[in-house]
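Note that this is a predicted model, so its numbers are computed, not measured. Quick note: residue numbers are just sequence positions, from 1. Order of listing sets the numbers, starting from 1, for every ligand and every atom in it.
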Amino acid sequence: MTPPADDRAPTPAPPTTIDPTTPSVARVYDAFLGGTDHYASDVAVFEQVNAVAPQMADLARSTRDWLVRAVRYLAGTAGMDQFLDLGAGLPSAENTHQVAQRYNGDARVAYVDIDPVVAAHGRALLEENQQTRLVQADLTRPDDIWAHPEISGFLELDQPLVLMQSGTIHHVPDSEGPQEIMERYIELLPSGSYIAFMHFHDPEDDGPGTELARFVEQVFAQGDMGSGFFRTREQLTRFLHGTELLDPGLVRLEDWWPNGPHLQPLTVADQVALAGVARKP
Ligand SMILES: C[S@@+](CC[C@H](N)C(=O)[O-])C[C@H]1O[C@@H](n2cnc3c(N)ncnc32)[C@H](O)[C@@H]1O
């Protein structure tokens, strides 16, 4: 049985040195998004997937577009002014704080990432105003995140906030207890908080969707990067137990309040990720 999320050995310090020879999640994602902060080892992972499934790069871009729409809703319509963005990733075209502060001038955003490239390079680009922080820490340790002085001194963790878990829990293997980690976060969140959630999905269609999920999982998780797990809708729904999913639920990214009609037909890659926004009552 998986141990409770924080009933484990003390948290090791996050890595401070960059290993360019081993692909990292943040840098591989940057390669998928067409960024510039990656090495040959990261490009090799990207190319292995891209040669077979070039639509996966579209899925990476769809993730960022979904994130913008979700933050726009949460900062604007829902009026949220505190965001804890776990697994921030390398800076991209539009980041959480830019969108949140556009729709709510009071919004504060704390980013968390374990990757030393994000910590070094991202800090300069993501901490561009007094209302933004970036902390290098391990998101699989919810109690450590809550107790981190740079987070607890910046956000009011006893007031409703938005927890961003976009593209993060699918990098947590079953052996590290993703269910317990999510449960603990949901316990820690004050009522009235939201979770913006996106996770790789195995559509269990016995066809092209599952085939694509299995192939990409094999490259990501069985390869040197070491993570990238495609889970079922049932598992993803269970991760959000104790919250209420907002309309339209846990859906393909392109189906979560799109900006208008789809100009391109959706592809099989659109089936291998689900996203939604949930509220803790
Ligand atoms: C696929 S990227 C997602 C970036 C962004 N959230 C998005 O949805 O576009 C996943 C990020 O999570 C970070 N990450 C993975 N495991 C982590 C951990 N245990 N603690 C903190 N960050 C982690 C990686 O370094 C990477 O930057």
Side-chain angles (χ1 to χ4, degrees), residues 5-6 8 11-15 18-19 22-35 37-38 42 45-46 49 56-71 83-100 109-123 125-126 134-145 148 151 162-173 175-178 180-182 184-185 195-200 216-217 220-221 225-230 253 256 272-277:
D6 272 11
R8 300 180 292 185
T11 312
I18 296 163
D19 174 6
T22 305
S24 94
V25 172
R27 299 187 326 240
V28 169
Y29 188 54
D30 181 70
F32 272 90
L33 286 169
D37 295 303
H38 47 259
D42 309 305
V45 178
F46 163 69
V49 170
M56 288 302 288
D58 297 333
L59 181 62
R61 284 188 285 274
S62 285
T63 302
R64 295 302 301 185
D65 291 347
W66 166 76
L67 193 140
V68 168
R69 297 197 302 279
V71 173
F83 291 74
L84 178 54
D85 189 343
L86 302 178
L90 283 154
S92 183
E94 285 239 278
N95 303 289
T96 299
H97 72 283
Q98 286 147 336
V99 182
V109 178
Y111 292 104
V112 170
D113 208 288
I114 201 162
D115 192 291
V117 178
V118 177
H121 178 66
R123 185 164 279 145
L125 293 167
L126 292 173
L134 189 142
V135 174
Q136 192 187 10
D138 184 351
L139 67 85
T140 69
R141 306 284 181 148
D143 287 283
D144 290 356
I145 296 290
H148 197 296
I151 297 172
V162 176
L163 186 78
M164 313 274 305
Q165 283 280 25
S166 172
T168 48
I169 294 296
H170 58 224
H171 292 293
V172 180
S175 59
E176 286 187 30
E180 288 78 4
I181 290 166
M182 285 302 295
R184 185 62 184 139
Y185 275 118
I195 303 181
F197 184 73
M198 175 272 173
H199 193 298
F200 287 154
V216 180
E217 181 171 297
F220 283 175
M225 193 170 88
S227 69
F229 303 97
F230 290 70
L253 309 188
W256 200 91
V272 298
L274 294 178
V277 173

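Ligand 1 is approached by Arg64 to a heavy-atom distance shorter than 4.0 Å. The shortest heavy-atom distance from Val112 to ligand 1 is not under 4.0 Å. Using a 4.0 Å cutoff on heavy atoms, Ala137 counts as a contact of ligand 1.
In summary, Asp115 and Arg27 do not engage in a salt bridge, as defined by a charged side-chain N under 4.0 Å from a carboxylate O.
Looking only at side-chain heavy atoms (C-beta outward), His38 and Leu90 stay at 4.5 Å or farther from each other. Between Val71 and Asp85, the closest side-chain pair of non-hydrogen atoms is not below 4.5 Å. By the 4.5 Å heavy-atom criterion applied to side chains, Pro142 and Ile181 are counted as neighbours. At least one side-chain heavy atom of Leu134 sits under 4.5 Å from a side-chain heavy atom of Val118. Proximity of Leu67 to Thr96: side-chain heavy atoms (C-beta onward) are separated by under 4.5 Å at one or more points. At least one side-chain heavy atom of Met198 sits less than 4.5 Å from a side-chain heavy atom of His170.
Ligand-side atoms of ligand 1 in range of Asp115: 25 (O), range being under 4.0 angstrom from any heavy atom. The distance from ligand 1 to the heavy atoms of Thr63 drops below 4.0 Å at these ligand atoms: 8 (O). Listed by number with element, the atoms of ligand 1 under 4.0 angstrom from any heavy atom of Thr140 are 19 (N). Near Leu67, meaning under 4.0 Å from any of its heavy atoms, are these atoms of ligand 1: 7 (C), 8 (O).
Polar contact with ligand 1: absent for Asp85 (N/O pair, distance under 3.5 Å). Polar contact with ligand 1: present for Asp113 (N/O pair, distance under 3.5 Å). Geometrically, ligand 1 and Gly87 share a nitrogen or oxygen pair separated by less than 3.5 Å.
Looking from atom 15 (C) of ligand 1 to the surrounding protein, the closest heavy atom is His171 CB, 4.4 Å. Taking atom 8 (O) of ligand 1 as the reference point, the nearest protein heavy-atom neighbour is Ser166 OG, 2.5 Å. Of the protein's heavy atoms, Ile114 CG2, 4.3 Å lies nearest to atom 16 (N) of ligand 1. Protein heavy atom at the shortest distance from atom 19 (N) of ligand 1 is Asp138 OD1, 2.8 Å. Ranking protein heavy atoms by distance to atom 10 (C) of ligand 1, first place goes to Gly167 O, 3.3 Å. Leu139 N, 2.9 Å is the protein heavy atom nearest to atom 20 (N) of ligand 1. Summary of contacts: the protein heavy atom closest to atom 2 (S) of ligand 1 is Tyr29 CD2, 3.7 Å.
Heavy atoms of Ser24 found under 4.0 angstrom from ligand 1: none, in either backbone or side chain.
Although no hydrogens or angles enter the test, the distance criterion places no donor-acceptor pair under 3.5 Å between the side chain of Arg184 and the main chain of Asp143. Looking at Asp42, its side chain does come within 3.5 Å of a backbone N or O of Ser24 through a donor-acceptor pair. A donor-acceptor contact shorter than 3.5 Å links the side chain of Gln98 to the backbone of Asn95.
Under the ring pair (Phe, Tyr, Trp, His ring centres under 6.0 Å) criterion, Phe230 pairs with Phe200, not counting sequence neighbours.
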